[in-house]
2 protein chains.
Amino acid sequence: MKRVAPRKSSAATARERLASWISARGLKATRQRDLIVDTFFSQTGHLSVDELLDKVTARDPSIGAATVYRTMKILTDAGLASARHFEGGQTRYEAALDRHHHDHLICTSCGSILEFENERIEELQDRVAEQHGFAVTHHKLELYGLCKRCQEKDEYFRKRFPDPR
Amino acid sequence: MKRVAPRKSSAATARERLASWISARGLKATRQRDLIVDTFFSQTGHLSVDELLDKVTARDPSIGAATVYRTMKILTDAGLASARHFEGGQTRYEAALDRHHHDHLICTSCGSILEFENERIEELQDRVAEQHGFAVTHHKLELYGLCKRCQEKDEYFRKRFPDPR
DNA sequence: ATCGAGATTGAGAATCAATTTCAAAATGAA
DNA sequence: TTCATTTTGAAATTGATTCTCAATCTCGAT
C-alpha cells in the first residue's frame with residue numbers, strides 16, 4: 001500500500017510560523033488574523049487585498065478592510081507572503097512559503113499571471129549589478145503581453161471581423 | 001576648419017514632433033504645453049510630475065498640476081516620453097527620443113537611478129516568453145539595492161559606530 | 001481681423017489604494 | 001480577575017492621479 005508522508009497544509013504551517021513570529025515580538029493572536037491568514041493560504045495565485053477581503057467577509061462580514069491590510073503587512077514582514085506591484089495600481093500578494101524566487105509573465109488582456117524561473121537571467125543581472133558596483137537586494141522582472149489564449153481570441157475576431165478600411 | 005553638423009536640441013526636436021502629432025489628431029498647440037515640454041526636455045533623468053511641476057511653476061506660476069499630468073500623458077502617447085513606475089508610488093517620466101530600450105538599477109537609499117542595456121538578458125526573456133506562448137509587448141526589469149556611494153557611506157558609519165551589543 | 005466650434009485650462013472635487021486615528025473590545029501574563 | 005497592552009472597525013486622512021466645469025484659448029473658415 002502506498003503511503004504519502006503526512007504533510008501539513010501550507011495554511012497550517014503558515015499559521016504556526018506566524019504564531020511564533022507574533023509572540024516573539026509581543027504581538028497578540030486574534031481570531032480575525034487567523035481567519036485572514038487561513039483564507040489567504042487556502043487560495044492560490046496573486047491576490048489583491050480587495051479580492052482577499054471579499055473571501056474573508058464571506059466567512060465573517062464583520063472583518064474590516066484595514067485589518068486585512070494590516071495582516072498582509074505582518075505576513076509580508078514575517079516573510080510568509082510577498083507583495084507584488086504589477087501594473088494597474090493595487091498591490092497583490094502571493095504565498096511565500098519555501099518558495100524559490102521567480103519572475104512573472106502578465107497577460108494585459110485577461111490578467112492571468114504565469115511564473116517562471118531562469119537562472120541564467122539571474123546570473124546576468126548579478127553581473128550587471130557588479131559592473132556598476134551595485135549591491136542588489138531585490139529585483140523585479142515582469143514581461144507584459146498577451147497569453148496564448150488571448151492571442152487566439154484576438155486572431156479569431158480578426159478573422160471574423162477584418163479591419164474595414 | 002572643422003564643422004560640426006548643425007544639431008537641433010532634443011527639446012526642439014521633441015517640440016516639432018509633438019506639434020505634428022498634435023495637429024494630426026485635431027488637438028491644439030498651447031503656451032502651457034510648450035512650456036512644460038520645453039522644461040521636461042531640458043532636464044535629464046527620471047522626473048516625477050511633482051519635480052517637473054516645480055520647475056514649470058518656477059517659470060510660470062499659473063500653470064496647474066492637472067495640465068502637467070495631461071501633457072505628460074500626451075507626450076507618452078506620442079512616444080516622446082516613457083512612464084516608469086518604480087517602487088515608491090509616483091510615476092516618473094524619462095525622455096524617449098531615439099532612445100534604445102534599457103533597464104534600471106535603483107538605489108533604495110539615495111534614489112539615484114542607473115540605466116543599463118543587456119542584449120543577452122533580452123534574448124533570454126524572449127525565449128522564456130516563447131516557451132510559454134506569450135506575445136510580449138513590453139517588460140520591466142529593475143534591480144534594487146545600494147549604489148556604490150551608499151555602500152561606502154554605510155561602511156563608514158559601521159566603522160565609526162559599530163553595532164553595540 | 002473676426003467668428004465660432006471645439007479643445008484646453010486651472011481650481012477644486014472626486015477617486016482609488018493604502019494608512020492613520022481613535023474609542024471600544026480583546027488578549028494574555030501575573 | 002486584573003490591567004497594561006495590542007487590536008479592531010469605522011471613519012477620516014493621505015498621496016497620487018483623474019475628472020468636472022465654467023472660463024478661456026486656438027485655429028480654420030470667413
Side-chain angles (χ1 to χ4, degrees), chain A residues 15 18-40 46-54 56-78 81-93 111, chain B residues 15 18-40 46-54 56-78 81-93 111:
Chain A
R15 256 168 85 160
L18 184 64
S20 58
W21 198 88
I22 273 185
S23 71
R25 54 211 79 206
L27 304 184
K28 287 172 180 174
T30 70
R31 179 179 54 80
Q32 7 317 56
R33 237 117 85 160
D34 284 344
L35 176 51
I36 293 166
V37 172
D38 244 38
T39 307
F40 175 68
H46 304 73
L47 284 193
S48 68
V49 171
D50 247 30
E51 291 163 354
L52 180 55
L53 179 61
D54 280 351
V56 165
T57 47
R59 292 222 239 166
D60 178 346
S62 75
I63 291 183
T67 303
V68 177
Y69 276 105
R70 290 188 277 234
T71 303
M72 291 317 294
K73 190 170 286 299
I74 291 177
L75 230 34
T76 304
D77 291 345
S82 50
R84 305 281 180 179
H85 307 272
F86 300 130
E87 291 184 355
Q90 76 242 292
T91 303
R92 289 182 173 276
Y93 292 90
Chain B
R15 257 169 83 160
L18 184 63
S20 58
W21 198 88
I22 273 184
S23 72
R25 54 210 80 206
L27 305 184
K28 289 172 179 173
T30 70
R31 180 178 54 79
Q32 21 294 71
R33 237 114 91 156
D34 285 344
L35 175 51
I36 293 166
V37 172
D38 245 38
T39 307
F40 176 68
H46 303 73
L47 284 192
S48 68
V49 171
D50 245 31
E51 290 163 355
L52 180 55
L53 179 61
D54 280 352
V56 165
T57 47
R59 291 221 239 166
D60 178 346
S62 75
I63 292 182
T67 303
V68 177
Y69 275 104
R70 290 188 277 236
T71 303
M72 291 318 294
K73 189 171 287 298
I74 291 177
L75 230 34
T76 304
D77 291 345
S82 50
R84 306 281 180 178
H85 307 273
F86 300 130
E87 292 183 355
Q90 76 241 295
T91 302
R92 289 182 173 276
Y93 291 90

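Computed over heavy atoms, backbone and side chain alike; hydrogens, waters and symmetry mates excluded. Quick note on labels: first sequence line is chain A, next is B, and so on, each numbered from 1. Worth saying up front: this structure is predicted, and the values here are computed from it rather than measured.
- In this structure, CG of A:Asp60 is placed 11 Å from C1' of D:dG9, rounded to the nearest angstrom.
- In this entry the distance linking CG of B:Leu18 with C1' of C:dT8 reads 14 Å, nearest Å.
- With a 4.5 Å cut-off on side-chain heavy atoms, B:Asp77 and B:Trp21 count as touching.
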Heavy-atom contacts, protein to nucleotides 11-21 of chain C, under 4.0 Å, summarised as B (base), S (sugar-phosphate only) or - (none) per nt, yield B-----SBBBB
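- When the P atom of D:dT5 is taken as reference, atom CD1 of A:Ile22 falls 19 Å away, rounded to whole Å.
- Atom OG of B:Ser82 sits about 9.0 Å away from atom CE of B:Met72, to the nearest 0.5 Å.
- Of all the heavy atoms in A:Arg33 and A:Lys28, the pair that sits closest is NH2-O, 2.9 Å.
- Not counting sequence neighbours, B:Gln90 has no partner by the side chain to side chain donor-acceptor pair (under 3.5 Å) test.
- Between A:Val68 and B:Gln32, it is A:Val68 whose nearest contact on DNA chain D lies nearer the 5' terminus.
- Separating the CG atom of A:Leu35 from the P atom of D:dG9 is a distance of 10 Å, rounded to the nearest angstrom.
- In this structure, the CG atom of A:Asp34 is 13 Å from the P atom of D:dT7, given to the nearest Å.
- Look at A:Thr30 and you won't find any side-chain N or O under 4.0 angstrom from OP1 or OP2 of D:dT6.
- Dashed line: the shortest gap from a side-chain N or O of A:Arg31 to OP1 or OP2 of C:dT27 is not under 4.0 Å.
- The base of D:dT26 lies close enough to the side chain of B:Lys28 for a donor and an acceptor atom to sit less than 3.5 Å apart.
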I'd like a table of donor-acceptor pairs (distance under 3.5 Å, sequence neighbours excluded) in which one partner is a side-chain atom from residues 59-66 of chain B, with atom names and distances.
unit_1, atom_1, unit_2, atom_2, d
B:Arg59, NH2, B:Thr39, OG1, 3.2
B:Asp60, OD1, B:Ser62, N, 2.8
B:Asp60, OD1, B:Ser62, OG, 2.7
B:Asp60, OD2, B:Arg31, NH1, 2.7

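- Regarding B:Leu27, its CG atom lies at a distance of 15 Å from the C1' atom of C:dA5, rounded to whole Å.
- Between the CE atom of B:Met72 and the C1' atom of D:dA16 there is a distance of 15 Å, given to the nearest Å.
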Can you check side-chain contact (heavy atoms from CB on, under 4.5 Å) on B:Phe40 and B:Leu47, steps first, answer last? CA-CA 8 Å; B:Phe40 176 68; B:Leu47 284 192; 4.3 Å; yes
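- By the 4.5 Å heavy-atom criterion applied to side chains, A:Arg92 and A:Glu51 are counted as neighbours.
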